Participant: 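I'd like to ask you about the structure that follows.
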Amino acid sequence: MRANISRLMMSVLLSVILSQNTLFSQVVVSLDNWFNNEMNAETKRSYHYTWSDTAFSGYSQWGNIFRNRGAVLATMSKPATTALWKTDIYIIVDPDSTSESPYPNYISTGDISSIRTWVRQGGVLAVLANDGPNCEFTNLNRLMSEFGMTFNHVSLHTVDGQNWEKGASVNLPDHPLFKGVSRIYMTEISDINISGTAKPVLTENGRVLIAENKFGRGYVIAVGDPWIYNEYIDHALLPESFQNRKAAENLTDLLISYVRKK
């Protein structure tokens, strides 16, 4: 009798462990390098919003924040279903237009179906777009409309030279993204239309700059700017009054928290 109870208890424990395996494994964070796949003219290598790019144009510092939280960094080529199921967080940044790549990889109907299903089943998706002249919106918005969000083809927060105040956002809401943050910097951004279950995170003058949606078992956050790449994540250029790094740390923690909730 005791042996049967012990076996039953072990079976239940194993089921719990298997169903909650994310709690006991490293979070995998995949940064898209398919829809955004610009090539450096000199090195002939992919750069611009990549983990490996340590110049102002890269995300190496954001990658270090993820690593400091124990996450594993990965690079995503075409987001096939098998590739998506190997990642916990998928980040898409500034999909290429023909001005950035002679043969851009546009987001396809198949990509949209795969990403939508992955999010509904618990995937965490972060989409950081760009302003009107610098982002491919037509196909990106086909994807984002699945989550009740679309980007507008505009350019807000334009900054002349080092007139940093034109890029300042200071009326920040009570949201985990802005915990301990009173001032951020974003420049040349698009705003977001929301519908359905999508909600605004940051709004200025009636325009939504950041939005989110709890979609099925997953989560989506959209920002109208690449925002926290190396140039503007810290104070290499920005005055000390801006807190982009703290916001980047908060965003990292927010994304990981939704992985842990699965």
Side-chain angles (χ1 to χ4, degrees), residues 26-31 48-73 88-94 124-131 156-159 162-192 199-205 207-214 219-261:
Q26 289 178 298
V27 172
V28 177
V29 185
S30 293
L31 179 58
H48 211 191
Y49 311 133
T50 65
W51 295 137
S52 59
D53 187 351
T54 58
F56 275 171
S57 53
Y59 273 129
S60 61
Q61 293 189 52
W62 190 16
N64 288 337
I65 294 174
F66 273 112
R67 284 196 185 99
N68 289 340
R69 268 99 175 132
V72 174
L73 302 185
D88 299 297
I89 299 169
Y90 179 33
I91 303 170
I92 299 174
V93 184
D94 186 30
V124 177
L125 174 66
V127 178
L128 291 83
N130 212 327
D131 64 332
L156 308 173
H157 275 217
T158 57
V159 176
Q162 295 186 344
N163 191 359
W164 307 115
E165 294 306 312
K166 287 189 174 182
S169 292
V170 295
N171 296 316
L172 305 178
D174 182 14
H175 187 278
L177 181 57
F178 300 119
K179 183 178 181 180
V181 177
S182 60
R183 187 182 190 83
I184 62 169
Y185 179 86
M186 291 193 289
T187 181
E188 297 179 358
I189 64 180
S190 57
D191 66 330
I192 304 167
K199 297 180 179 180
V201 174
L202 176 62
T203 303
E204 281 186 4
N205 301 319
R207 294 177 179 265
V208 178
L209 305 185
I210 303 176
E212 65 183 352
N213 193 353
K214 297 176 183 178
Y219 175 75
V220 181
I221 188 166
V223 185
D225 183 41
W227 188 25
I228 48 175
Y229 51 103
N230 294 345
E231 187 171 6
Y232 298 127
I233 196 173
D234 220 330
H235 301 113
L237 293 178
L238 292 179
E240 292 288 334
S241 61
F242 290 100
Q243 297 170 290
N244 279 21
R245 171 165 286 275
K246 175 59 177 172
E249 292 170 353
N250 289 351
L251 176 58
T252 303
D253 293 337
L254 178 67
L255 297 176
I256 292 175
S257 75
Y258 276 100
V259 175
R260 299 303 192 194
K261 289 176 182 178

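Sequence positions, counted from 1, serve as the residue numbers for this chain. It should be emphasised that the depicted structure is a prediction, and the values quoted were computed from it without experimental measurement.
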Participant: For Ser60 and Ser52, indicate whether the former's side chain and the latter's backbone hold a donor-acceptor pair under 3.5 Å.
Facilitator: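 Flag not set: sc Ser60 to bb Ser52 has no pair under 3.5 Å.
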Participant: To the nearest 0.5 Å, how far apart are CG in Leu125 and OH in Tyr258?
Facilitator: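 So the gap between those two atoms works out to 13.5 Å.
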Participant: If you look at every heavy atom in Val181 and Leu177, which pair is closest and at what distance?
Facilitator: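 Closest heavy-atom pair between Val181 and Leu177: CG2-O, 4.4 Å.
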Participant: Show the nearest heavy-atom pair for residues His157 and Ala168, with the distance to one decimal.
Facilitator: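 Reported closest heavy-atom pair: CE1-O, 3.7 Å.
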Participant: For the atom pair CG (Leu172) and NZ (Lys179), what is the distance rounded to the nearest 0.5 Å?
Facilitator: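 It is 15.5 Å, given to the nearest 0.5 Å.
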Participant: So how far is it from Phe178 CZ to Ile210 CD1, rounded to the nearest 0.5 Å?
Facilitator: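 So the gap between those two atoms works out to 4.0 Å.
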Participant: Any side-chain donor paired with an acceptor under 3.5 Å for Asn230 and Thr54?
Facilitator: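 No, no side-chain donor-acceptor contact under 3.5 Å.
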Participant: Using modelled atom types and a 3.5 Å cut-off, is there a donor and acceptor pairing between side-chain atoms of Asn213 and backbone atoms of Val220?
Facilitator: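 Between the backbone of Val220 and the side chain of Asn213 there is no qualifying donor-acceptor contact (under 3.5 Å).
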Participant: For Asn68, does the CG atom sit with more than 12 other heavy atoms under 6.0 Å from it, leaving out its own atoms?
Facilitator: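 Yes, because the 6.0 Å sphere around CG of Asn68 holds more than 12 heavy atoms from other groups.
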Participant: So, Ser169 versus Glu204: side-chain donor-acceptor pair below 3.5 Å or not?
Facilitator: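 Yes, a side-chain donor-acceptor pair sits under 3.5 Å.
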Participant: Just verifying a value: how many Å separate Trp51 CH2 and Arg67 CZ, rounded to the nearest 0.5 Å?
Facilitator: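 It comes to 8.5 Å.
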Participant: Is there a side chain to side chain contact (heavy atoms under 4.5 Å, CB included) between Val29 and Val72? Walk through the geometry before answering.
Facilitator: CA-CA 6 Å; Val29 185; Val72 174; over 6 Å; no
Participant: Tell me the closest heavy-atom pair linking Ile228 and Ala248, and the distance in Å.
Facilitator: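 So the two residues come closest at CD1-CB, 3.8 Å.
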Participant: How far does NE2 of His235 sit from OG of Ser241, to the nearest 0.5 angstrom?
Facilitator: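 Reported value, rounded in 0.5 Å steps: 7.0 Å.
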Participant: Is the closest side-chain heavy-atom distance between Asn250 and Pro176 below 4.5 Å?
Facilitator: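 In short, these two side chains do not touch, never coming nearer than 4.5 Å.
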Participant: Dump the intermediate steps for side chain to side chain contact (heavy atoms under 4.5 Å, CB included) on Asp131 and Thr187, then the final yes or no.
Facilitator: CA-CA 9 Å; Asp131 64 332; Thr187 181; over 6 Å; no
Participant: Do Tyr59 and Leu128 have side chains that get closer than 4.5 Å, going by heavy atoms?
Facilitator: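 Heavy-atom side-chain distance check passes, below 4.5 Å.
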Participant: Going through the distances and angles, do Ile89 and Val259 end up as a side chain to side chain contact (heavy atoms under 4.5 Å, CB included)?
Facilitator: CA-CA 8 Å; Ile89 299 169; Val259 175; 3.5 Å; yes
Participant: Any chance the rings of Tyr229 and Phe56 have centres within less than 6.0 Å?
Facilitator: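 Between Tyr229 and Phe56, the centre distance exceeds or equals 6.0 Å.
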Participant: Under a 3.5 Å distance rule, please check whether Asp191 uses its side chain to pair with a backbone N or O of Leu209 as donor and acceptor.
Facilitator: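 Side chain of Asp191 to backbone of Leu209, a donor-acceptor pair under 3.5 Å: no, none is there.
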Participant: Does Ala55 offer a backbone N or O that forms a donor-acceptor pair with the side chain of Asp53 under 3.5 Å?
Facilitator: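 Confirmed, Asp53 side chain pairs with Ala55 backbone.
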Participant: Which pair of heavy atoms, one from Glu249 and one from Arg69, lies closest together, and at what distance?
Facilitator: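 Where Glu249 meets Arg69 most closely, the heavy atoms are CB-NH2, 3.7 Å.
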Participant: Evaluate whether atom CG of Asn171 has more than 12 neighbouring non-hydrogen atoms of other residues, nucleotides or ligands under 6.0 angstrom away.
Facilitator: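 No, because the 6.0 Å sphere around CG of Asn171 holds 12 heavy atoms or fewer from other groups.
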Participant: Could you check if a side-chain atom of Leu254 sits within less than 4.5 angstrom of a side-chain atom of Tyr219, using non-hydrogen atoms only?
Facilitator: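 The answer is yes; the side chains approach within 4.5 Å.
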Participant: Which is it for Glu231 and Ser57 under the side-chain hydrogen bond (donor to acceptor under 3.5 Å, both in side chains) test, yes or no, and what are the steps along the way?
Facilitator: CA-CA 6 Å; Glu231 187 171 6; Ser57 53; over 6 Å; no
Participant: For a quick test of reading the model, state the closest non-hydrogen atom pair linking Asp88 to Gln26 and the distance between them.
Facilitator: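 Between these two residues, the closest heavy atoms are OD2-O, 3.9 Å.
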Participant: Hey, do the aromatic rings of Tyr185 and Trp164 have their centres closer than 6.0 Å?
Facilitator: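 Under 6.0 Å, so yes.
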Participant: Could you tell me whether the side chain of Glu188 and the main chain of Thr158 form a donor-acceptor pair under 3.5 Å?
Facilitator: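 No.
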Participant: Taking side chain as C-beta onward, heavy atoms only, is Val27 less than 4.5 Å from Phe66?
Facilitator: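 With C-beta onward as the side chain, the pair stays apart.
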Participant: Nearest 0.5 Å please: distance from the CG atom of Leu156 over to the NZ atom of Lys166.
Facilitator: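 Taking CG in Leu156 and NZ in Lys166, the distance rounds to 13.5 Å.
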Participant: To check you understand the geometry: which heavy-atom pair defines the closest contact between Pro226 and Val93, and what is its length?
Facilitator: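 Heavy atoms of Pro226 and Val93 come nearest at CB-CG1, 4.1 Å.
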Participant: Just so I know, are the side chains of Val208 and Lys199 near enough to count as touching, which here means a heavy-atom distance under 4.5 Å?
Facilitator: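 Not touching, per the 4.5 Å side-chain cut-off.
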Participant: Measure the shortest side-chain to side-chain distance between Trp227 and Ile233 over non-hydrogen atoms and say whether it is less than 4.5 angstrom.
Facilitator: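 Heavy-atom side-chain distance check fails, nothing below 4.5 Å.
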